[in-house]
Amino acid sequence: MNIQSLRGMPDFFPDDLQKWHLLEAVFSQVFHAYSIKEIRTPLLESTELFSRSVGNSSDIVNKELYSFLDRNNKSISLRPEGSAGVIRAIIQKKQEHEKHKLWYEGPMFRYERPQKGRFRQFHQVGVEYLGYEEGLSEYELLSMVIKINEQLGICKYTLKINHLGDIQAKENFCIALKSFLEPHLSVIHQLDVARLASNPLRVLDSKENSTQAILENAPRFEDFISKKSKLFLQDLAEHYSDQCDIKIDSNLVRGLDYYTGLVFEVVSEELGAQDAFLGGGRYDHLSSELGGKSMPAIGFAVGLERIIELMSVNNNSLKTKVALIIVDEQDIEKTYKIAHTLRHANLKITLDAFLSDSSLKSQLRRANRSECNFAIIIGADERSTGQYAWKDLSEAGEQKLLSFEELIEVYKNL
Ligand code: HAM
């Protein structure tokens, strides 16, 4: 029997990765502009890290964690997200008193039911601002989110924001919601009854009509948060209203337990059911809950498989690629030398030396297929006159003969 990949864990081939590399280049440009440094943490962490951060009552820990015992009978898990590991690393290095602006990229693992836009191994790029109180950091992060979308050519999206207040407000609201819903348990969906017991906030974003109907008259979150928090949320919405479609959504609670304060999500109708391609918020208590010193924090993560669906880049923005074609096997040795000289003349250009003696036609076909912009042909002309054919592979398809010096000059200026 052939061995297959695990469900929801796709492979990425070179053709798929071209777009990924562009995406990564945009992220690295933006992070450079915002002075954010990279951090890398392990894929495997102790299970306790996630149960104490993402939360025991969250779906992620409850149903979706890839957990197993290692050879020493310790329960370990593949990370379902990146924030917990970053905070663990900072606490371990005793750096909670410093300010950090960090980003990371890598695979995350959640045992979810695979479907369009939902994988069991997926990738996130995340940003965490640590040591920054509520205020300017919220503005900086939302500006960055808008900038990332702009750089990727994504214009149709909605930025949903909400404020979860402080821990006390969250607790008071949960008590009020529970007592409001108690008399209606027989009518609301079974799943939501279970949620109400384990994580009452999650009932708010229930997809069940029966639950949503009852919720119409339920206590409202905004009545439990301070005036200051409400004003802050409104100011944010106003500030960005001319830059993107921004909406206050009082049902936005997020699926991870660690949030207080601002939470946000970016959604696009073009993605279908799994419409969120970015999510984040403030989580000021995570450091102390994990045994570290108190450290305010806020961040977000982008789902790369989802954002890549929305990215509009044309192939012109991919780097220039040149095919080096030889028509006769006896030229192979010369080709090595030419390729070496050209690559040293301009390292920014991809030179794909085909090093094969198949026909010129089939090599040109291959050059087109692999999206080369130009081809250098070493053949009869080169042997008789010392000139190289330089062929434009775009529709215009011009071809000229160049001396070696002219070829280097053209190549340098691509
Ligand atoms: P999250 O909302 O759970 O937040 O995930 C962030 C993004 O990851 C989602 O918006 C989505 O695009 C993508 N994502 C999540 N699950 C899947 C999946 N199964 N398949 C494909 N994409 C998926 C967090 O993970 C937080 N750690 C974000 C954060 C950072 N909050 C503060 N700092």
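Note that these values count all heavy atoms, side chains included, but never hydrogens, waters or copies made by symmetry. First listed ligand is number 1; within each ligand, the first listed atom is number 1.
Within the 4.0 Å heavy-atom shell around ligand 1 one finds S83. Within the 4.0 Å heavy-atom shell around ligand 1 one does not find G8.
The main-chain N or O of S358 is never found under 3.5 Å from a side-chain atom of S362 such that the two would form a donor-acceptor pair. Judged by distance alone, the side chain of S287 and the main-chain N or O of K293 form a donor-acceptor pair under 3.5 Å. The backbone N or O of L43 sits nowhere less than 3.5 Å from a side-chain atom of R79 that would complete a donor-acceptor pair.
Listed by atom number, the atoms of ligand 1 under 4.0 Å from G280 heavy atoms are 31 (N). Against a heavy-atom cut-off of under 4.0 Å, F277 is close to the following atoms of ligand 1: 10 (O), 12 (O).
For E128, a nitrogen or oxygen atom sits less than 3.5 Å from a nitrogen or oxygen atom of ligand 1, counting backbone and side chain alike. Between E81 and ligand 1, at least one pair of N/O atoms sits closer than 3.5 Å. At a 3.5 angstrom cut-off on N or O pairs, A276 counts as close to ligand 1. In terms of N/O distances under 3.5 Å, ligand 1 is approached by E112.
Nearest protein neighbour of atom 5 (O) of ligand 1, counting heavy atoms only, is Q124 NE2, 3.1 Å. Counting only heavy atoms of the protein, atom 31 (N) of ligand 1 lies nearest to Y259 OH, 2.7 Å. Atom 3 (O) of ligand 1 has its closest protein heavy atom at R110 NH2, 2.9 Å. Given atom 18 (C) of ligand 1, the protein heavy atom at minimum distance is F122 CD2, 3.4 Å. Of the protein's non-hydrogen atoms, F119 N, 3.0 Å is the one closest to atom 20 (N) of ligand 1. Remark: minimum distance from atom 21 (C) of ligand 1 to any protein heavy atom is reached at G117 O, 3.3 Å. Of all protein heavy atoms, the one closest to atom 13 (C) of ligand 1 is G303 CA, 3.6 Å. The protein heavy-atom contact nearest to atom 28 (C) of ligand 1 is G279 O, 3.4 Å.
The side-chain tip of K99 points at the ring of Y132 from less than 6.0 angstrom away and within 45° of straight on.
In Y258, the part holding a heavy atom less than 4.0 Å from any atom of ligand 1 is the side chain. When non-hydrogen atoms are compared, ligand 1 lies under 4.0 Å from the backbone of R118 as well as from its side chain. The proximity of R254 to ligand 1, defined as any non-hydrogen pair under 4.0 Å, is limited to the side chain. If you look at L256 next to ligand 1, the close heavy atoms, those under 4.0 Å, all belong to the side chain. Under 4.0 Å from ligand 1, not a single heavy atom of Q274 appears. With a 4.0 Å cut-off on non-hydrogen atoms, F300 touches ligand 1 through its backbone and not its side chain.
Ring-plane geometry between Y240 and Y139 is classed as tilted, the angle between the planes lying from 30 to 60 degrees on a 0 to 90 degree scale. Relative ring orientation between Y283 and Y258 is described as tilted, the plane-to-plane angle lying within the 30° to 60° band.
Ion pairing between R220 and D223 fails under the 4.0 Å rule for side-chain N and carboxylate O.
S57 and R202 share no donor-acceptor pair across their side chains, judged by distance under 3.5 Å alone. A donor and an acceptor atom, one from each side chain of T158 and D245, are located under 3.5 Å apart. If you check the side chains of S58 and N199, you find no donor sitting under 3.5 Å from an acceptor. The closest side-chain donor-acceptor pair between E270 and S268, if any, does not fall under 3.5 angstrom.
In terms of heavy atoms, F119 sits closest to G8 at CB-O, 3.5 Å.
For the pairing with F224, the side chain to side chain contact (heavy atoms under 4.5 Å, CB included) check across N172, I175, L177, L164 returns one residue only, N172.
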